[in-house]
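I have placed the structure first, in the form of structure tokens, so that the comments after it can refer back to it.
A note on names: the letters A, B, ... follow the listed sequences, proteins ahead of strands, and every chain is numbered from 1.
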Amino acid sequence: MTSVLEIRNLHVSVADKPILKGVNLLVKQGEVHALMGPNGTGKSTLAYTLMGHPLYVVTGGQVIFKGVDLLELAPDERSRLGLFLAFQYPVAIPGVSVANFLRTALNARRRAANPADKGIPIPEFRKLLKAKMDMLQVSHDFAGRYLNDGFSGGEKKRAEILQMATLDPEIAVLDETDSGLDIDALRIVAEGVNKLAGPNMGALVITHYQRILNYIKPNVVHIMLGGQIVESGEADLALHLEERGYDWVREKYQEKAEA
Amino acid sequence: MSEQVAELEKLSEYKYGFSDNVHYAYQSQRGLNAGVVRTLSGMKGEPQWMLDFRLKALDIFNKKPMPTWGGKISLDLDEITYYTRPSEKTESSWDDVPADIKNTFDKLGIPEAERKFLAGVGAQYESEMVYHSVQKHLEELGVIFLSSDDGLRQYPELFREHFGKVVPPTDNKFAACNSAVWSGGSFVYVPKGVHVEMPLQAYFRLNAEGTGQFERTLIIVDEGAQVHYVEGCTAPTYSRDSFHSGVIEIIVKKGARCRYTTIQNWSTNVYNLVTQRAVVHEGATMEWVDANLGSQLTMKYPSCYLVGEGAHGEILSMAFAGPGQHQDTGGKVVHGAPNTTSKITSKSISRAGGRTSYRGLLKVYKGATGSKSSVVCDALLIDDKSRSDTYPVIEIDENEVTIGHEASVSKVGEEQLFYLMSRGIPKDQAEGLVVAGFIEPLVKELPMEYAVELNRLVQLQMEGSVG
């Protein structure tokens, strides 16, 4: 059965300030959606809210994932249900190696499914991690480095994609994964996403710029403005934005832009 | 039941509420006086000079005031029993060991025989054989590894030459106390140029003796020699005695190298007031690796006196304070010669109302030109109820030196937890992971088996399943 993430009329406030004002969106496993829009329109707020960040307060609406009310779940439960967020600004965890972290995360999944589970055997885990690192062209010494600690911008983004590949989500939200990357890093990250997106994974790619969409071909492009999705269309909508910028969107939806 | 035992019971009762029906073959009267010291020394059959040393120390102990700094010591020193013959100590029953300690043994998967030893109720242990083969190997190298009592008996001159020189009884009230009534501990001598490859583990030796209340350890590393000494264990060590005061003296001679690793996890009824000091000669290196998890109050500041040119001292200290605990720990380095270098790294974690303090002294004497030192202390607070303080004292009498000091206090960040949880890791495990990462620089310095156990124990403590 195809997993579906459905966002219905979602309203979200941060520190009592309304940011999302009725977002509707449907992402299915196997689809790639691009969410575009100017800065400060609520794209990242949507990403954090979906993952359950405690500072983002849902004031209305619903999010249903695989038939479950997602908003009732803690972030770890959402993850174990099959949702993934690639962070725009991944946090460093000094002293915890990428390998140790990923093994802990995988074991948390196994234990949730079966409390008696002894955890993934280390040789099996090593094999798995190596395969994922090879697929994403990540050097093997990555596994022993402390998570995001002293990583360059590009390394952080690749670490996010490596996590995504290892945890095997059904729906992944990528929050400005392209920001701060040079063209080579961007290409590598985009290729990684392409390898993972497919019948088993749906993706919501949040981006400010069109350029990542030269590498990742979306089925649908959405434009967000003033906390709502104001336009949805096919891939050429992104090209349209590339040529004309966001001004025409602002003009067309003046009231929302001012909201 | 005698009145004394009843008193003893009272001492322990407030913490664990267990009844103690141990029969003592010999137990000194409560309080510390010349009679107690004479009896103790006589029972051990010690030479006159040691008795004199003890009596002088007793005098100093009586005259010295209690320290006015550090943790709050709610102990009536007149109510303490200062000497119980070790062989009789182990007659108490497994049933007396508090349930929470037994629980932790279960969770750590400690074998039955080892549990009894750790709980202070069983003296003999299968590792006796291991100990003997270790001893044989050491003898071939000319290394002495004995209990301090045996050291005094078998190597009276070597012992006397160094004993009480690094930490004199006048140093502090608790060092004086230890000097008056010390018993047990290790005596180690590594001859010139000998490198002892395997760590010397007090654990093996202690199995035959039980852990001591006033341990006294003396380690001499002769010129160009190397040794790593490990004491303690990660599993909770139950002690009926609520007052522990050890003294560790180490002499690292020219070009020698010594590492001393301690992991202490006393039951939370224990006051653990320890003096650890090393004198480090020309071109020699001393490293203290010190982890404190248990006790009600620990006051411990491993020190290096860098007395020879180019001497190097390192202190890596970790403290974990849970509910009702205060870990007052840190380090002390004295630069007394040119081109000496030192590094202090302190990592402390406070959880559920626990308190940690970093207390450090860095002293550079005039003439110690070209000396370098760096002090880094990081504290991690798990919640708002817990507390961490830093008391760094730096005294520099020489201009030509390089000194660095950094201190940080951080809370386990909401963003870190959210990030880890977003990967499916439950909150308590996520906190444990952040803490494990925080102490990683210390853990990776430990022998493998200790590292594994320490990580596991910290995880258990974080989950709140250990008292």
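From R80(A), atom CZ reaches atom CD1 of I425(B) across 10.0 Å, with rounding to the nearest 0.5 Å. Rounding to the nearest 0.5 angstrom, the gap separating the CE atom in M51(A) from the OH atom in Y419(B) is 11.5 Å.
Contacts with chain A (heavy atom to heavy atom, under 4.5 Å) involve these residues of residues 435-443 of chain B, listed by number: G437(B), F438(B), E440(B).
For E415(B), the salt bridge (Lys or Arg N to Asp or Glu O under 4.0 Å) criterion is met by no residue, not counting sequence neighbours. The salt bridge (Lys or Arg N to Asp or Glu O under 4.0 Å) check on D149(A) picks up nothing, with sequence neighbours excluded.
Shown here for F418(B) and P54(A), the closest heavy-atom pair between the two residues is CD1-CD, 4.2 Å.
No side-chain heavy atom of M421(B) sits under 4.5 Å from any side-chain heavy atom of S79(A). The shortest distance between side-chain heavy atoms of F87(A) and S422(B) falls below 4.5 Å.
Within a 6.0 Å sphere centred on NZ of K427(B), heavy atoms belonging to other residues, nucleotides or ligands number 12 at most. Counting heavy atoms of neighbouring residues, nucleotides and ligands inside a 6.0 Å radius, atom CZ of R126(A) does not exceed 12 of them. Within 6.0 Å of CG in N114(A) there are more than 12 heavy atoms belonging to other residues, nucleotides or ligands. Environment of NZ in K132(A): crowded, with over 12 heavy atoms of neighbouring residues, nucleotides or ligands closer than 6.0 Å. The local environment of CG in D141(A) is crowded, with over 12 non-hydrogen atoms from other residues, nucleotides or ligands closer than 6.0 Å. Counting non-hydrogen atoms of neighbouring residues, nucleotides and ligands closer than 6.0 angstrom, the NZ atom of K66(A) exceeds 12 such neighbours.
The backbone N or O of R423(B) lies less than 3.5 Å from a partner atom in the side chain of R109(A), making a donor-acceptor pair.
Contact count against chain A (heavy-atom pairs under 4.5 Å) is highest for L433(B) among L433(B), L417(B), V434(B).
If you measure heavy-atom distances from L147(A) to chain B, the contacts under 4.5 Å come from the side chain alone.
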Would you list the atom pairs, donor with acceptor, under 3.5 Å between side chains in residues 88-104 of chain A and any protein atom, with sequence neighbours excluded?
residue: S97(A); atom: OG; partner: N100(A); partner atom: N; Å: 3.0
residue: T104(A); atom: OG1; partner: N100(A); partner atom: O; Å: 2.7

